[in-house]
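In what follows, a structure is listed as structure tokens, so that the remarks can point back to it.
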2 protein chains.
Amino acid sequence: MRRDVFQAIADPTRRAIIALIALQAMTPNALAENFHTSRQAVSKHLRILTECELVKQEYQGREIYYSLEVEKMKEIDKWLEQFRKIWETRFNQLDKVLANLKKQKK
Amino acid sequence: MRRDVFQAIADPTRRAIIALIALQAMTPNALAENFHTSRQAVSKHLRILTECELVKQEYQGREIYYSLEVEKMKEIDKWLEQFRKIWETRFNQLDKVLANLKKQKK
DNA sequence: AATATATGCAACTTTTCGGTTTCGCAAATT
DNA sequence: AATTTGCGAAACCGAAAAGTTGCATATATT
């Protein structure tokens with residue numbers, strides 16, 4: 001079982017779940033209504049999300065409210081950081097090219 | 001075949017490949033030296049990365065240099081955007097709490 | 001021309017994934 | 001007390017993933 005953040009967000013249903021519970025805590029049943037799958041399938045997704053700590057549970061009687069562990073999402077952002085540097089540099093280079101073109105036009 | 005960016009970065013070997021070719025274009029053979037898998041396996045990963053347009057090829061005689069399509073990486077960044085808003089808000093709320101604590105100390 | 005090298009592709013195998021169905025349990029409702 | 005409801009866990013299934021081995025092909029090298 002790999003179970004890291006990147007594997008967790010690979011599945012589109014899980015990404016949708018993440019987007020939903022980012023806004024407000026939700027129960028498995030409430031979540032399942034948004035998809036064309038059984039509640040059990042959603043439950044399985046929630047387990048995966050819980051295992052990689054992307055999600056936290058809050059027990060309320062027999063209901064369980066799931067909500068996003070936003071901090072964990074930053075891990076993805078952190079990984080992206082190395083590439084952000086690259087695409088910003090590229091952008092600056094493009095900027096230079098455009099600036100030179102302008103100069104030549106004059 | 002799903003083949004989207006999120007599925008592409010789910011595999012740790014692929015993430016490593018992405019990180020390598022982000023710095024400089026590399027051939028499959030050169031890449032394979034960095035992993036404990038066969039060249040063919042790396043080739044397969046490269047095909048997946050190519051299919052979702054995360055990677056571009058440059059033919060040079062019998063060698064093929066692979067490099068990162070940085071633009072495509074922005075798709076992940078774009079998806080993260082919605083959560084960035086949330087964690088920044090949370091941060092601001094924490095900021096307020098800290099500010100209040102300071103006030104009380106006075 | 002013969003051989004070596006770089007690569008992709010196809011076939012095959014094992015493991016993982018995402019789903020369903022069935023079940024058991026605890027909390028609510030009647 | 002009996003029934004309904006919300007949930008997770010386990011068993012099972014088909015499809016996809018990730019790897020290996022064995023080719024075929026095109027370009028270099030000798």
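Quick caveat, the model's predicted, so the values are computed rather than measured. Order of the sequence lines sets the chain letters (A, B, ...), proteins ahead of strands, with each chain counted from 1.
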Sequence neighbours excluded, which residues qualify as side chain to side chain donor-acceptor pair (under 3.5 Å) partners of N34(A)?
none
Please enumerate all protein N or O atoms sitting under 3.5 Å from an N or O of nucleotides 3-5 of chain D, with distances to 0.1 Å.
from: dT5(D); atom 1: O2; to: R62(A); atom 2: NH1; distance (Å): 2.5

Whole Å only: how far is the [atom1] atom of [X] from the [atom2] atom of [N]?
X: R47(A); N: dG19(C); atom1: CZ; atom2: P; result: 14 Å
X: I48(B); N: dG19(D); atom1: CD1; atom2: P; result: 9 Å
X: F35(B); N: dA18(D); atom1: CZ; atom2: P; result: 14 Å

Base of dG8(C), side chain of K44(B) - is there a donor-acceptor contact under 3.5 Å?
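Answer no: no donor N or O sits under 3.5 Å from an acceptor.
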Would you kindly check whether a donor in the side chain of Q40(A) faces an acceptor in the base of dG6(D), or vice versa, at under 3.5 angstrom?
no
Compare the minimum distances between each of [options] and the side chain of [X], then state the nucleotide with the smallest one.
X: E63(B); options: dT20(C), dT7(C), dC7(D); answer: dT7(C)
X: S43(B); options: dT20(D), dC7(D), dG8(C); answer: dG8(C)
X: D11(A); options: dC17(C), dT7(C), dG18(C); answer: dG18(C)

Think H45(A) has a side-chain N or O under 4.0 angstrom from the OP1 or OP2 of dG19(C)?
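For dG19(C), OP1 or OP2 has a side-chain N or O of H45(A) closer than 4.0 Å.
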By nearest heavy atom, map S38(A) and Q60(A) onto DNA chain C; which one lands nearer the 5' end?
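The residue closer to the strand's 5' end, by nearest nucleotide, is S38(A).
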